[in-house]
*Asks:* 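There's a structure below that I have some questions on.
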Amino acid sequence: DKGTYPHYMLKEIYEQPNSVRDAMRGRLSPEEATAKLGGLNMTNADLRSVERIILCGCGTAFHAAMVGEYLIESLAHIPVECEFASELRYRNLPTDRDTLVFVISQSGETADTLAALRESQRKGHRTLGICNSVGSTIARESDGGVYMHAGPEIGVAATKSFTSQLTIMTLLATLLGRIRYLSYAEGLEILANLERLPALVSQTLELDAQVAAIAKKYAKAPNFLFMGRQANYPIALEGALKLKEISYIAASGYPSAELKHGVIALVNEVTPSVFIAPRDAVFEKNVSNIEEVKARKGPVIAIGTEGNDHLDKVADEVIRIPQSPDYITPILASIPLQLLAYHIAAELGCDVDKPRNLAKSVTVE
Ligand code: M6R
């Protein structure tokens, strides 16, 4: 039931304070200053012997994997590789014995992801699932895993399942990090920030009216560019995917610095560039990329940080998300991009919940 919302997608976007809370419920242990993921069916000694991780999925789940790569490498120092499930199933990837494989799937029924799971198990790797649908095929066949507990997602465009996946990636990185590099105090600090996450998501949703006004202004644009750096690069890809899926506007995502390697040829007066440029270690770098776009008269919509006015001088529109650590920002930055895609599609009169040519779960190859 959509309740008072015009579409399931909007309802699901608004459910995110609860869905991220549910992804963490019972999984934060302040006594041990770490995250607990009992469903992995792995002892700390098992986790300690993992030398490499492969994260695999399709579409939005693949973007969550890319954020996971960044988080696990930075918090746990374990080399991570992301693979499209459709590629992994046919690629003869050389893998060591101590490689742990995760397949990520909201539905738990995606044919390519299921095939990647089976191929990985055939090669003798412990293969874990990160799923939303309880009792789905991937959940049943994997050697353990983590449920998202996001509740049913009806809109074809993944929204709350994505932020749940990102939350679980942070939990996993914390757990793996605490066994290796993170101190008790560092673990506690991450937990304290995660405790604040549902409130930060609620605060970010208050940007809705501003994003809706921006969407109205740019809804007629023929194409969009999305850019970000580090863990926000996959968020740019996800922002572009959301817009393509439901509004049918051509949109592509890039690491911001790739602009000068070709993308900038697309910049013109009618092509908006959406930059994810929070106040972080690469903020100044993003600003110079924004300036390159402005110098070519490209409209810029920037996702910045509350309290940082610097972007006002360079961007046409600035959407400010709450200040947060690097492992939380991608979750918050996703929300205005979901709302932007939603309001543009609604403005264009598209069938937001059931976009053309798409199915919620792709059970054929
Ligand atoms: O159910 P899954 O997470 O395995 O689905 C994977 C993709 O098909 C899915 O994320 C798709 O890209 C969504 N429609 C994105 O909004």
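These values consider heavy atoms only, across backbone and side chains, with no hydrogens, waters or symmetry-generated copies. None of these values were measured; they are calculated from a predicted model. Both ligands and their constituent atoms are indexed starting at 1 by order of listing.
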*Asks:* Considering heavy atoms of the protein only, find what lies nearest to atom 7 (C) of ligand 1 and give residue, atom and distance to 0.1 Å.
*Replies:*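 Heavy-atom neighbour on the protein nearest atom 7 (C) of ligand 1: Cys58 O, 3.5 Å.
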*Asks:* Under the salt bridge (charged side-chain N to carboxylate O under 4.0 Å, His left out) criterion, do Arg178 and Glu32 qualify, and how do the steps go?
*Replies:* CA-CA 9 Å; Arg178 270 288 286 142; Glu32 297 172 53; over 6 Å; no
*Asks:* Would you say Tyr233 ends up clustered with Leu241 if hydrophobic residues are merged whenever their side chains have heavy atoms under 4.5 Å apart, either directly or through other cluster members?
*Replies:* no
*Asks:* Show which atoms of ligand 1 fall inside a sub-4.0 Å distance from at least one heavy-atom site of Lys242.
*Replies:* 15 (C), 16 (O)
*Asks:* Which of the numbered atoms in ligand 1 are under 4.0 angstrom from any heavy atom belonging to Ala157?
*Replies:*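 Those of ligand 1 that fall under 4.0 Å from Ala157 are 16 (O).
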*Asks:* Do His343 and Asp208 have side-chain atoms, one donor and one acceptor, less than 3.5 Å apart?
*Replies:* yes
*Asks:* For atom 1 (O) of ligand 1, grab the closest protein heavy atom and report residue, atom and distance to one decimal in Å.
*Replies:*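 Sorting protein heavy atoms by distance from atom 1 (O) of ligand 1 puts Ser107 OG, 2.7 Å first.
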*Asks:* Of all the heavy atoms in Ser361, does at least one lie under 4.0 Å from an atom in ligand 1?
*Replies:* no
*Asks:* In terms of residue, atom name and distance, what is the protein heavy atom nearest to atom 10 (O) of ligand 1?
*Replies:*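 For atom 10 (O) of ligand 1, the nearest protein heavy atom comes out as Thr60 N, 3.1 Å.
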*Asks:* Answer yes or no: is there a side-chain heavy-atom contact under 4.5 Å between Leu75 and Leu176?
*Replies:* no
*Asks:* Looking at Lys11 and Asp1, does any basic side-chain N land under 4.0 Å from a carboxylate oxygen?
*Replies:*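 Salt bridge: no.
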*Asks:* Check each atom of ligand 1 against the heavy atoms of Val156 and keep those under 4.0 Å away; list them by number with element.
*Replies:* 13 (C), 14 (N), 16 (O)
*Asks:* Taking 4.0 Å as the limit for heavy-atom contacts, which would you say applies to Lys360 with ligand 1: side chain only, backbone only, both, or neither?
*Replies:*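 No part of Lys360 is near ligand 1 at this cut-off.
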*Asks:* Is a salt bridge present between Arg356 and Asp351, judged by a nitrogen-to-oxygen distance below 4.0 Å?
*Replies:*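 A salt bridge is absent here (no side-chain N lies under 4.0 Å from a carboxylate O).
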*Asks:* For atom 8 (O) of ligand 1, what is the closest protein heavy atom, and at what distance to 0.1 Å?
*Replies:*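 Ranking protein heavy atoms by distance from atom 8 (O) of ligand 1, first comes Val362 CG2, 4.1 Å.
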*Asks:* Where do Arg296 and Asn268 land on the side-chain contact (heavy atoms from CB on, under 4.5 Å) test, with the steps shown first?
*Replies:* CA-CA 7 Å; Arg296 280 134 191 120; Asn268 61 27; over 6 Å; no
*Asks:* Any side-chain donor-acceptor pair under 3.5 Å between Glu109 and Ser361?
*Replies:*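 Looking only at side-chain atoms, Ser361 and Glu109 do not form any donor-acceptor pair under 3.5 Å.
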*Asks:* Can you report which non-hydrogen protein atom sits closest to atom 14 (N) of ligand 1, along with the distance?
*Replies:*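 Looking only at protein heavy atoms, the one closest to atom 14 (N) of ligand 1 is Glu245 OE2, 2.6 Å.
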*Asks:* Whether Glu81 and Arg52 form a salt bridge (side-chain N of Lys/Arg under 4.0 Å from carboxylate O of Asp/Glu) is what I want to check.
*Replies:* yes
*Asks:* Measure the distance from atom 5 (O) of ligand 1 to every protein heavy atom, then report the residue, atom name and distance (to 0.1 Å) of the closest one.
*Replies:* Thr110 OG1, 3.5 Å
*Asks:* For Ala158 and ligand 1, does the shortest N/O to N/O distance drop below 3.5 Å?
*Replies:* yes
*Asks:* For atom 3 (O) of ligand 1, what is the closest protein heavy atom, and at what distance to 0.1 Å?
*Replies:* Gln106 N, 2.7 Å
